[in-house]
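One structure below.
So that the names make sense, note that chain A is the first sequence line, chain B the second, and so on, each numbered from 1. The structure presented is a predicted model; accordingly, all values stated were derived computationally and were not measured.
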Amino acid sequence: MSERYNIKETEAKWRKVWTDKKSFEVTEDPSKPKSYVLAMLPYPSGRIHVGHVRNYSLSDVVARYKKAKGFNVLNPMGWDALGLPAENAAMERKTHPKDWTYENIAQMKAQLLSMGLAIDWSREVATCDPSYYKHEQKMFIDFYKQGLAYRKESMVNWDPVEDTVLANEQVVDGKGWRSGAPVERRKLYQWFFKITEFADELIKGLEGLDRWPDKVRTMQHNWIGKSQGAEFSFDVVGNDEKIKVYTTRPDTLFGASFVGLAADHPLAQKLAGDKKGYDDFIKTCQSTGTSEEAIEKAEKIGFDTGHKVAHPFIKGKELPIYLANFILMDYGTGAIFGCPAHDQRDFEFATKYNLDIIPVVQSPDNDPLPYVGDGQLFNSEFLNGLNKEDGIKAAIKKLEELGIGKSVTNFRLRDWGVSRQRYWGCPVPFIHCDTCGLIPVPEDQLPVELPYDINYDKPGNPLDRHPTWKNVDCPECGKAAQRETDTCDTFFESSWYFLRYLDPENKQTGFANEKSNYWMPVDQYIGGVEHAVLHLLYSRFFMRALKKCGYEVPDEPFAGLFTQGMVTHQVFKDKDDKWISPAEIEQRDGKWVKSSDGSPVKAGAVTKMSKSKKNVVDPQDIIDTYGADAARLFILSDSPPDRDLEWTESGIEGAWRFVNKLHRTVIDSIADMPAVDTPKPASFSDKAMELRRAAHQTIVGVADDIDAFHMNKAVARIRELSNTLSGFKPQDDGEKWALREGYEALIRLFNPMMPHLAEELWSQLGHKTILAETSWPAHEEDLLEADTITIGVQVNGKMRASITLPAKASKEEAEKIALSEKNVQKALDGQTIKKVIVVPGRIVNVVAG
RNA sequence: GCGGGUGUGGUGGAAUUGGUAGACGCGCCAGACUCAAAAUCUGGUGUCCGCAAGGACGUGUCGGUUCAAGUCCGACCACCCGCACCA
């Protein structure tokens, strides 16, 4: 009987071996194909969560697998260390964002190390380090010089009590999360990156990303939201003002019954500022959140300015001008014409304010209004009889002839607002001088470092009220000037970090071009689907922007992308209807009760892990109890990686049992195996051949599954082969040899998932090499085909029997065997056979009647 | 509101992309070992009828195409996620 597997000691032993041998540290090697495997870098919150374990288990499988397949694999790790949570923690716990962050990094690094990841830690970066953000300050200035960074006024959520800008997530039910005061919308001067300059290129680039999930490409496509339409101006009746509108449906212009302006449209104040109720209306609009969701969901309200515009096509017709809360100043021109008969929102608005609803498009199926589909135009003078497409063209042509409009391409994509009025971010490297204006910080004065001595006693931005930090001499004229106190959105850091890994020693100039040329683009990027748009789009924008500034980078940063699903867990409530952690409960007689006092517990839905619902599992507890291999295995089993994974106690226990069982059966089987490197026998028994086929088919199957990210299927195959091997009792030398061959293959196949156990067993089997430096097992082509197969036989499409026949049997043979089967005869019951369909290797279907 | 996704046994999920639905795992049931328990091992396990052989039903719902549909087409239903200052 073998000794029990000592997981803790063994796992630590092998991690030390990998570290000592620097197994995962790499350099550029042009003689080998490279593979840059990258997991999204974590935010250092303090503890790793199960989502991290899933992410890094996946990237580790890919990294180890690719390495075994002969690739020069780079798999780095770093810390997305700037951001809001550090400041919240600092305020709550009277600590400093920097101290809090670095403590968290130390803790989380220890946790990640315990997972046994094949990471090149020599390249580790933390984005809060001035040696990191120095480079982005340089980039920021480069962007500015190329016209890719600029300042303009923009709307923010403003907390009037805290005197600060609020993130959308800090707005709860329209109120500041801390102060509880109703949130206002305010305009502020802010920095923007001109992502819209590349809108078209970013759409076109999506076509080439064939190793990205379709859904992410679709989401980005829709996010950029290219639309073709017309822009034209209405004359305001009674004064010289013009209102420029954007529309994708100029063909419905004869159905227009009003013109709508965004509440913050430049003309709004002028047209309606003196009217009764205007201030209240603006206030109501400002109390709505700034998120698109909040605006779209809010009840559609309007304000009649009392002014009118002239219809450009219909002489003498005038349309009322309304302010409306559903019109976005950021999209199009911030003004629309409303055609209630053919637009859902306009329809609701017109119904509410009793405006005309004039149908001009005939629905072929007489659909009810509003009808947004294609159809023949009517009530539309020169457009009558045309369809939508031709109508749009004709309407634009007319607008052009009248000299009031033109065809335009519009994007939903807005420029990226990067200003944050917070401390724990990369300082925007600019100086405001009363004489010289806005001046970039000279390169030799970079980085602009964050001051350490700050306080959170007062509301607002700590940089803004710091006694000395913002005082600086103007680099141009030398007079007293002030630093920009805005910091950057933390998406800035994550937009280029994968370049920073490529040249870790070079702290001065960022990334060297030769090195980035070797490693870029990232071959396999892995992370949460929640980044489908922002982070992944910003990174794509960055490559193009950097290129424009002369940096040598590819257009597309990530050649392959995989987005993993969330990790979920069941939620529970105690007898007082309060959320209760799964760690505090247990099952007794099939019912959930609180462990401490046996009181009843209600089981709820399976949802995303969240602290507030207390359904969070700490992976460190799991690793400490079951070991890293079991944790990794569980998370890779069962659920396909792109779908949500439900965390269950029984699941992790099952994985742990398998780890132990593998260890036990391999150790117990050593006695049945020949010594390591025993030459292959000349011949094998049928039983041995069957075993060898199973092993070789599994080698190919697991590789295919990993290539396709079907880790759950790869694990299932490994378990199948393990079951086959553990039930095999060898009788002769050939069978013994086949058993060793099978186990050695098995160990190499599960090495990417359970690397500690694999190394241990590999060494127990007598190998002096380590698996981290051992190749993927080779397969023999002629062992991939079975010699007999079993296929089904249908009669009139219903399964009636299954037959076993040689794999190479002809159609005729298959038909003959099928028809002679007694259940087939019975099902035929003397009917005439009309047709027999034979799909070789698949099925026989007898059609009779 | 807009956009995206998912739906198969008690349960997580397989199904070579139109060809034996339920691989593999979890759970459950029975048995072996044990004074007992744990661990481990063996067998069973979609539902209904049947002692069995076997039969009927079965992939969210309804309809269609096909020799053959979880897979293709049409219409619905339910749930989940994202929406630009969370990372």
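For A:Leu84, whose side chain is taken as the heavy atoms from C-beta onward, the closest listed nucleotide among B:A87, B:C24, B:A84 is B:A87. Comparing B:A14, B:C24, B:A87 by their nearest atom to the side chain of A:Asn712 picks out B:A14. Looking at the side chain of A:Arg643, the nearest of the listed nucleotides B:A84, B:U6, B:C85 is B:U6.
Put simply, the side chain of A:Arg54 gets close to the backbone of A:Gly565: a donor and an acceptor are under 3.5 Å apart.
Atom name C1', nucleotides B:G18 and B:C67: the rounded distance is 12 Å, in whole Å. Only the C1' atoms considered, B:C86 is 35 Å distant from B:G60, to the nearest whole Å. Taking the P atoms as reference points, B:G44 lies 22 Å from B:C49, given to the whole Å.
Considering only residues two or more places apart in sequence or on other chains, A:Glu720 meets the side chain to side chain contact (heavy atoms under 4.5 Å, CB included) condition with none of them.
Dashed line: the shortest gap from a side-chain N or O of A:Arg657 to OP1 or OP2 of B:C26 is under 4.0 Å. When the side-chain nitrogen and oxygen atoms of A:Thr648 are compared with OP1 and OP2 of B:C26, none of them lie within a distance under 4.0 Å. A sub-4.0 Å separation between OP1 or OP2 of B:A15 and a side-chain N or O of A:Lys713 is present.
Aromatic ring pairs are classed by plane angle as parallel below 30°, tilted from 30° to 60° and perpendicular above 60°; the pair A:Tyr626 and A:Trp656 is perpendicular.
The stretch residues 416-428 of chain A participates, sequence neighbours left out, in these salt bridge (Lys or Arg N to Asp or Glu O under 4.0 Å) pairs: A:Arg420-A:Asp489.
Glycosidic conformation of B:G4 is anti; the angle lies outside 90° of 0.
Distance, A:Lys798 NZ to B:A69 P: 10 Å, rounded to whole Å. Across the protein-nucleic acid pair, A:Arg420 atom CZ and B:C86 atom P stand 7 Å apart, rounded to whole Å. The distance between atom CD1 of A:Ile652 and atom C1' of B:G12, rounded to the nearest whole Å, is 14 Å.
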In the 5'-to-3' direction, what one-character label does each nucleotide of nucleotides 41-54 of chain B receive under the scheme B = base within less than 4.0 Å of a protein heavy atom, S = sugar-phosphate only, - = no such atom? S------------S
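Counting non-hydrogen atoms under 4.0 angstrom, A:Gly83 reaches the backbone sugars and phosphates but no base. Looking at heavy-atom distances under 4.0 Å, A:Ser419 makes contact with a base.
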